[in-house]
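This one's a predicted model, so the numbers in the text were calculated from it and none came from an experiment. Ligands are counted one by one from 1 in listed order, and the atoms in each one are counted from 1 as well.
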Amino acid sequence: MPGIGYGKAILFGEHFVVYGMPGIAASIELNTTCTYEKKVSGGITANDLVTGETINYGEDKAKKLGQVIQVILRETGIKEKNFRLKLSTNMSLMGGMGSSAALGVSILSCLNKEFSLGIDDKRINEITFEVEKVFHSSPSGIDNTVSTFGGMLWFKKGAANTVEQLQIPEPVRIVLIDTGIINDTAELIAKVRKQKEENPKEFEKIFASYSELALKAKNEVEKADWKKVGSLMNKNQELLRRIGVSSSQLEKIIEASLESGALGAKLTGAGVGGNAIALTPEKELQEKVSKKCSALGFKTFKVTAGIKP
Ligand code: MEV
């Protein structure tokens, strides 16, 4: 039985969530799967989705995937020494879709079933947060939370995180549009932190605007008023520009999406590279935005946001 880890799109609040402000993120159909194969010898092996190489855990502990396996073995107490993990994905990697969290959830769900570990979603989420640290050093926890629980989530980091399922009538159609440029989340978090230290007054204002916007967004998402949600996403994008995480490629995609009628468009994830999200509740609109961005040479994903695994 494969383990599945779902990807995510952030509708509101990337970067702001790192500073304890609330965000809204939704799970999407794109995912990573992990299957288990017992071996008689040869140690623990797995295929790295980013590099394509097969890593041997015993020899490659320093590599990211080796570190992920180390965290998972440590946290689950699995003693088995010989097995192969077969990983596959249809997500953009290092592209703002939460691929590292999906990786953690897929491996953990797979091993949970294989070894009858009996760990619940709460624990899967906690361990995947440790996996996230391997990749992003100081993650907020939003990606692992949405990959574990799915749905449309209101998330706020804290001594205990606030996680609330927002009830929407049905998952909403979106288009994710890939700049084709990979992003380094840890680096971008550090960049924003530096900017904040250099411009404390400006950031205070931006943070206050965002906090106000997030509360409005929650209200409109709960009403499924996608027109208003879209307009707030555009405002969120303005704030993301001001904290320095947009880029010419993202702006080109956003402009094209809005011109095609998307109700809102912004970057999703850490920014600069990665993906943009366009809000397109109607099927024809989703098609139109996707076509327009494909014609500009970008890879697009027509998905729904807020699926329950
Ligand atoms: C990454 O998907 C979103 C960031 O806010 C980082 C995080 O919350 O861990 C940039």
Side-chain angles (χ1 to χ4, degrees), residues 5-28 30-32 50 64 68 71 89 91-105 125-150 152-158 161-163 174 176-179 181-196 203 206-207 210-211 213-214 217 233 236-237 239-247 250 266-277 301 303 305:
Y6 288 90
K8 63 97 210 316
I10 297 184
L11 280 78
F12 294 95
E14 45 277 278
H15 290 287
F16 299 101
V17 284
V18 173
Y19 298 90
M21 281 162 269
I24 299 177
S27 55
I28 55 174
L30 301 174
N31 61 66
T32 292
V50 178
K64 293 274 187 216
V68 168
V71 165
T89 194
M91 303 166 62
S92 303
L93 300 170
M94 301 174 82
M97 289 186 184
S99 56
S100 50
L103 174 74
V105 173
N125 188 31
E126 280 167 8
I127 303 174
T128 306
F129 184 54
E130 298 305 312
V131 169
E132 281 284 271
K133 289 183 192 165
V134 168
F135 293 96
H136 306 316
S137 67
S138 58
S140 66
I142 193 168
D143 288 9
N144 46 284
T145 304
V146 74
S147 186
T148 304
F149 298 107
M152 180 71 75
L153 290 187
W154 171 258
F155 174 90
K156 193 170 185 293
K157 182 178 106 170
N161 294 339
T162 305
V163 181
I174 59 169
L176 291 171
I177 308 115
D178 198 339
T179 58
I181 304 162
I182 57 166
N183 59 21
D184 183 331
T185 301
E187 219 172 77
L188 289 163
I189 292 177
K191 180 185 163 187
V192 172
R193 194 172 296 282
K194 187 163 176 282
Q195 304 245 28
K196 179 178 173 287
F203 267 68
I206 298 173
F207 281 10
Y210 174 74
S211 299
L213 186 154
M233 283 169 68
N236 190 169
Q237 175 62 19
L239 300 176
L240 288 163
R241 280 182 198 120
R242 284 168 66 187
I243 65 168
V245 289
S246 195
S247 65
L250 284 164
K266 59 181 272 298
L267 66 88
T268 179
V272 179
N275 277 262
I277 170 178
F301 302 84
V303 293

Task: Separation between NZ of Lys266 and CG of Leu239, rounded to the nearest 0.5 Å - done: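 Rounded to the nearest 0.5 Å, the NZ-CG separation comes out at 10.5 Å.
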Open item on the list: Nearest 0.5 angstrom please: Thr268 OG1 to Glu14 CD, how far?
Closed with: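 Separation between the atoms: 5.0 Å.
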Open item on the list: Going by side-chain hydrogen bond (donor to acceptor under 3.5 Å, both in side chains), name the residues that satisfy it together with Ser99, two or more places apart in sequence or in a different chain.
Closed with: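 So Ser99 forms no side-chain hydrogen bond (donor to acceptor under 3.5 Å, both in side chains) with any residue.
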Open item on the list: With a 4.5 Å cut-off on side-chain heavy atoms, are Ser100 and Glu132 touching?
Closed with: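 Glu132 reaches Ser100 side chain to side chain.
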Task: Side chain to side chain, Asn144 and Val131, heavy atoms closer than 4.5 Å - done: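 The answer is no, as the side chains (C-beta and beyond) never meet within the 4.5 Å cut-off.
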Pairs of nitrogen or oxygen atoms, one from ligand 1 and one from the protein, closer than 3.5 Å: please tabulate them with distances.
from: ligand 1; atom 1: 2 (O); to: Lys8; atom 2: NZ; distance (Å): 2.8
from: ligand 1; atom 1: 2 (O); to: Asp143; atom 2: OD1; distance (Å): 3.1
from: ligand 1; atom 1: 2 (O); to: Asp143; atom 2: OD2; distance (Å): 3.0
from: ligand 1; atom 1: 5 (O); to: His15; atom 2: N; distance (Å): 2.8
from: ligand 1; atom 1: 8 (O); to: Ser140; atom 2: OG; distance (Å): 2.6
from: ligand 1; atom 1: 9 (O); to: Ser140; atom 2: N; distance (Å): 2.8
from: ligand 1; atom 1: 9 (O); to: Ser140; atom 2: OG; distance (Å): 3.4

Open item on the list: Looking at Glu126, I want to see if its CD is surrounded by more than 12 non-hydrogen atoms of other residues, nucleotides or ligands under 6.0 Å.
Closed with: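 Yes.
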